[in-house]
Amino acid sequence: MFKGTNLTGFTESAEGKEFLQSFSPVTQQYLDGKFCVATPAEVESAIAKAKTAFDVYKSVTPEKKAVFLETIAEEILQLGDMLIQRAMLETGLTEARLTGERGRTMGQLKLFAALLREGSWVEAVIDPAQPERKPLPRADLRKMLVPIGPVVVFGASNFPFAFSTAGGDSVAAWAAGNPVIVKAHASHLGTNELVGGAIKTAAEKCGMPDGIFSYVIGKGAVTGMQLVKHPAVKAVGFTGSYQAGMAIYKAAVNERKEPIPVYAEMSSINPVLVLPHQLQQAISKTAIMIAGSVTLGVGQFCTNPGLIFLIENDTAETFIKELAAQLAASAPGVMLNKQICNSYYANIDIVAGQEGVTTLVAGNNAADSIKGSPALLEVSAAKFIANADLQTEIFGPATMIIRCKDQAELLAALGSLHGQLTGTVIADESDLQEFSASVALLTEKVGRILFNGVPTGVEVCHAMVHGGPFPSTSFGGSTSVGTDAIKRFTRPVCWQDCPPAFLPDALKDDNPLHLMRKVNGVYTRDRIV
C-alpha cells in the first residue's frame, strides 16, 4: 500500500539503504510500510528544487495561491477513512479527535485562502513624495511584506494533521509565497505519505512549480541538520521538545554564515491561577473542568495545564481533594509513542523527587503498554520559587498544585515563572480587583490569557496567539496559529522613488487589488490621486 519513498518536488525517490517503520502504540507492533531514509543527495535535490520553485512561486497571483490551498484541503478530504485509520494506528489518538483535527487542518487551508483573496496581510504602507517639503523634500516611499524563500517544517508528534505535513507552518509559508520542505515525523510515516501525496496532486492540478513541496524521511538529527544548515533555506518551523528545538535554533543561528529565523514551539506548563472568591462558588465545577483539561488527549497538548496556583484556605483544601478524586478516577490512556510515554514517567519521577514535593495521585506506571496514568503533585510556593527544576515540563496527564500562603507569595511565585503559551485565571470580578497585580504579572508571562475556561483547544482565527515568551517558543513575537502566522515567513521591503510601472500591484496608486493600505498614516482602500 505504501511506497515508502521520499518526495523531492514531484519526484518519488528512494535511493537510500536504510529504512524506518512506524510503531503503533495501539497494537504495539510495527505497521505496514518500510520508508526509505533520504540520502544527503536527495535532501540536496529537495532544497535545490525549492530554491528554483521560489523564483516562480513568489510571483504567483494571490488567487492562484488561494486555489492551491483549497485544492490541498479537497485532496486531503478525498483520502477518506484511510487517512484517519492510519493516523489512529500511528498516534493512538481517537477517531473522533482525528476527524476533528482533519477538519481543523482543512479549515486552516481555507482560512489562509480567504486571507490571500482579501490581501491586506501584506501591510502596504505608502508615504507619497513631498517634493516641496522644506527644508528637505521627501522621497516617495512604499513598503510591504514579501516572501523570504524555502521554509523547512518539522512535523509534530501530537498533531499529525494540523501541525505536520499540511499543518499550520506549511500553510502559512505557502500563503506567504514560499516553497516548503517537510521533515516527516518518524512516528507518522504513513500519515505523512498520504497527506504528502494529496499535496503533490493538488500542486500538479494547480500548475504549481516543481519543488513547491517536498518531504524527506530522516533518522535521528542528521537529515534535519542538513536542512537547517543549508544556505538556501530561509526559515524553520518546529513543534516539539525543548532539547530538539534549541538544537535547531543554535544550528540556524550559530552554525550558519547567514543566520535564519527559527519559530520553535518547545516547552510550556501553562499555569492556572485559581482565585478564592470564584473557587468558593464553584469548587466541584472547577475541579471537574481542570481535571478534564489535564487528561484531555492523555495530557498531550502543548496547552495542558501543568501548574495550579492556590491561596491556602479551607476552600482550597476541599478543591484539592476533589481534583485528586477526579484524576484518580481517570483511566490510563494510550500515549503517542514509546519515547513520549517513557519521558512522561521519567519527568514525573524527576519532579516528584524534588525537595518538598508531595505526590497526591500516582497511578500505576503503564509504560509497558504505552499508556499514561494521571498524576497530581503539590509543593509550597517557597519551594517552587527556589527550584527551577520544578518547572520541568511533564508532557502527559499530570499537574502540580502550588500552595501560596498569601497574595505576596503568589506574586513571588508567578514572578519566578518561565515564559508560557497560556495562562488561565479562574476568578470573579471581586477576585480580579483584589488580585489585579497577580493577573497583570501572569499576563507578562504568556501569549494567551484565559478567564474562567481551560487552555486546551486553540481556535484557528485572526485574533489567536499561539506563542509566548521563551522557552515556550524561541521567538515570543509571533504566533504559529491564526492568520498572523503568515508574517513569520516574510520580510519588509521598501521601494523608494520606484517608477510606477515597476511597483508591485499592492503599492500602485490605483490600488488594483483593493487592499486596505496605510497612506500618509491613514488606513484607506482609496486610490492615490
Side-chain angles (χ1 to χ4, degrees), residues 1-39 41-43 45-46 49 71-95 97-99 101-102 105-106 153-167 170 180-205 210-220 222-224 227 334 336-339 370:
M1 174 183 173
F2 291 98
K3 297 177 181 178
T5 60
N6 296 276
L7 188 67
T8 57
F10 296 148
T11 303
E12 295 170 354
S13 179
E15 298 175 1
K17 304 296 184 183
E18 292 185 276
F19 295 86
L20 300 179
Q21 284 183 273
S22 295
F23 185 86
S24 173
V26 179
T27 65
Q28 298 184 43
Q29 295 179 341
Y30 285 100
L31 297 170
D32 292 340
K34 293 177 65 179
F35 298 84
C36 187
V37 173
T39 65
E42 287 172 312
V43 175
S45 175
K49 285 190 173 185
T71 305
I72 294 173
E74 293 167 5
E75 293 298 325
I76 289 174
L77 186 60
Q78 289 300 312
L79 293 170
D81 191 55
M82 174 175 57
L83 175 63
I84 301 295
Q85 294 301 315
R86 179 67 182 201
M88 288 172 64
L89 288 171
E90 288 187 330
T91 65
L93 298 173
T94 66
E95 182 175 7
R97 154 68 194 274
L98 288 168
T99 300
E101 188 183 330
R102 179 180 61 185
T105 304
M106 294 168 59
V153 172
F154 288 79
S157 62
N158 57 341
F159 282 88
F161 305 152
F163 273 92
S164 292
T165 312
S170 297
V180 171
I181 304 167
V182 168
K183 164 68 164 56
H185 196 284
S187 294
H188 308 159
L189 299 172
T191 300
N192 170 77
E193 182 174 309
L194 291 170
V195 175
I199 298 168
K200 174 178 178 287
T201 299
E204 290 174 325
K205 282 185 176 181
D210 186 12
I212 186 64
F213 168 69
S214 296
Y215 68 74
V216 293
I217 297 161
K219 189 175 184 180
V222 175
T223 303
L227 289 166
V334 176
L336 292 162
N337 57 51
K338 283 182 178 181
Q339 181 178 349
I370 318 182

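Computed from a prediction, not measured in an experiment: that's the story for all the values here. Throughout, numbering of the chain's residues begins at 1 and tracks the sequence.
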Between [X] and [Y], is any pair of side-chain heavy atoms under 4.5 Å apart?
X: Leu98; Y: Gln85; answer: no
X: Val195; Y: Leu83; answer: yes
X: Leu93; Y: Pro160; answer: yes
X: Phe161; Y: Ile84; answer: yes
X: Phe19; Y: Lys219; answer: no
X: Val182; Y: Ser170; answer: yes

Starting at [atom1] of [X], measure out to [atom2] of [Y] and round the result to the nearest 0.5 Å.
X: Lys49; Y: Ile212; atom1: NZ; atom2: CD1; result: 13.0 Å
X: Met88; Y: Asp81; atom1: CE; atom2: CG; result: 8.5 Å
X: Asp32; Y: Leu189; atom1: CG; atom2: CG; result: 13.0 Å
X: Ile199; Y: Leu194; atom1: CD1; atom2: CG; result: 11.0 Å
X: Glu193; Y: Phe35; atom1: CD; atom2: CZ; result: 5.0 Å
X: Leu79; Y: Arg86; atom1: CG; atom2: CZ; result: 13.0 Å

With no hydrogens and no angle check, just 3.5 Å: does a side-chain donor-acceptor pair link Ser13 and Glu42?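 There is such a pair (donor and acceptor under 3.5 Å, judged by atom type) between the side chains of Ser13 and Glu42.
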When you measure from the side chain of Ser45 to the backbone of Ala41, do you find a donor-acceptor pair of N or O atoms at a distance under 3.5 Å?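 Answer holds: no.
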Asn6 side-chain N/O to Cys36 backbone N/O, donor-acceptor pair under 3.5 Å: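 Yes, because the side chain of Asn6 sits within donor-acceptor range (under 3.5 Å) of the backbone of Cys36.
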Can we say Glu75 and Lys205 salt-bridge, meaning some charged N sits less than 4.0 Å from an Asp/Glu carboxylate O?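 Looking at Lys205 together with Glu75, the answer is yes, because their closest N to O distance falls below 4.0 Å.
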Gln339, CD atom: more than 12 neighbouring heavy atoms under 6.0 Å: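 Result for CD/Gln339: open.
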The test is side-chain contact (heavy atoms from CB on, under 4.5 Å); show your working for Leu7 and Glu12 and say whether it passes. CA-CA 5 Å; Leu7 188 67; Glu12 295 170 354; 4.0 Å; yes
Over 60° means perpendicular and under 30° means parallel, so tell me whether Tyr215 and Phe213 are parallel, tilted or perpendicular.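 Taking Phe213 first and then Tyr215, their aromatic rings sit tilted (interplane angle of 30° to 60°).
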